[in-house]
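We use all heavy atoms of the structure for the numbers below, so side chains are in, but hydrogens, waters and symmetry mates are not. Residue indices begin at 1 and follow the sequence shown.
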Amino acid sequence: MPTRTATARYDGFGKDGQGHLTTQSGVLADQPYGFGTRFGDEPGTNPEELAAAAHAGCFTMALSFALAGAGYSAGRLETKAAVTLDKDGSGFTITKSALTLTAKVDGIEESEFARIAAEAKANCPISKLFNTEITLEHKLEA
């Protein structure tokens, strides 16, 4: 199995510092991040946004493969992940990742879909990585 990498560089310290993130694939190349992108509205990214993207992508792919394994072949999945960062003493902790899924899966019953989605939530590698509450709300479209 592959090992994926990313690099973070931070020039300066604290609120005055400015970071840059680069991923192995090049999708992020010196993408700015810092206090203003994490706690404000400055352009750039932040670790929680990237964790949310990773969780949404991982869960959605896990669900896609689980549905295919159960014999379903047509549909669409769209997941939003909302990662919550809360104050924890003198630092911060990710306290929740809330997944909101909208799906269209031809021929599936609601109960089977809910079961397969719950299994995907529990078993995707990013869910296993997080040591926090993970919720899943879903809407199965007709």
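Among residues two or more places apart in sequence or in another chain, the side chain to side chain donor-acceptor pair (under 3.5 Å) test is passed with Tyr72 by Glu112. Remark: Lys104 engages Asp106 in a side chain to side chain donor-acceptor pair (under 3.5 Å) (not counting sequence neighbours). With sequence neighbours excluded, the residues satisfying side-chain contact (heavy atoms from CB on, under 4.5 Å) with Leu140 are Ala103, Val105, Ile108, Glu110, Phe113. Every residue meeting the side chain to side chain donor-acceptor pair (under 3.5 Å) condition with Thr93, not counting sequence neighbours, appears here in chain and number order: Asp88. Considering only residues two or more places apart in sequence or on other chains, Asp86 meets the salt bridge (charged side-chain N to carboxylate O under 4.0 Å, His left out) condition with none of them. Scored by the side-chain contact (heavy atoms from CB on, under 4.5 Å) test, Glu78 finds no partners at all (sequence neighbours excluded). Applying the side chain to side chain donor-acceptor pair (under 3.5 Å) criterion to Glu42, with sequence neighbours excluded, gives no partner residue. Under the ring pair (Phe, Tyr, Trp, His ring centres under 6.0 Å) criterion, Phe130 pairs with His55, sequence neighbours left out. With sequence neighbours left out, the side-chain contact (heavy atoms from CB on, under 4.5 Å) criterion links Ser25 to Thr23, Val27.
Hydrophobic clustering, defined by side-chain heavy atoms of Ile, Leu, Val, Met, Phe, Trp and Tyr closer than 4.5 Å, groups Met61 together with Phe65.
Annotation: the span from Ile94 atom CD1 to Asn131 atom CG amounts to 10.5 Å, rounded to 0.5 Å. Taken from CG in Leu63 to NZ in Lys121, the straight-line distance is 12.5 Å, to the nearest 0.5 Å. In this structure, the separation between CG on Leu85 and OG1 on Thr132 is 10.5 Å, given to the nearest 0.5 Å. Note that CD of Gln24 and OG1 of Thr5 are 4.0 Å apart. Values are rounded to the nearest 0.5 Å.
The backbone N or O of Asn123 sits nowhere less than 3.5 Å from a side-chain atom of Ser127 that would complete a donor-acceptor pair. Within the 3.5 Å criterion, the main-chain N or O of Pro43 finds no donor-acceptor partner in the side chain of Thr37. A donor-acceptor pair is defined here as one N or O able to donate and one able to accept, closer than 3.5 Å; no such pair exists between the side chain of Thr22 and the backbone of Ala29.
Within the structure, every pair that satisfies the ring pair (Phe, Tyr, Trp, His ring centres under 6.0 Å) test and touches residues 18-51, not counting sequence neighbours, is listed here: Tyr10-Tyr33, Phe35-Phe39, Phe39-Phe92. Sorted by first and then second residue, the salt bridge (charged side-chain N to carboxylate O under 4.0 Å, His left out) pairs with a member in residues 125-142 read Arg76-Glu141; sequence neighbours excluded.
Contact annotation: the side chain of Thr7 never approaches that of Leu21 to less than 4.5 Å [non-hydrogen atoms, C-beta and beyond]. No side-chain heavy atom of Thr100 sits under 4.5 Å from any side-chain heavy atom of Thr79. When side chains are defined from C-beta on, Leu99 counts as touching Ile134, because their heavy atoms get closer than 4.5 Å.
No single ILVMFWY cluster, assembled from side-chain heavy atoms under 4.5 Å apart, contains both Val83 and Leu136.
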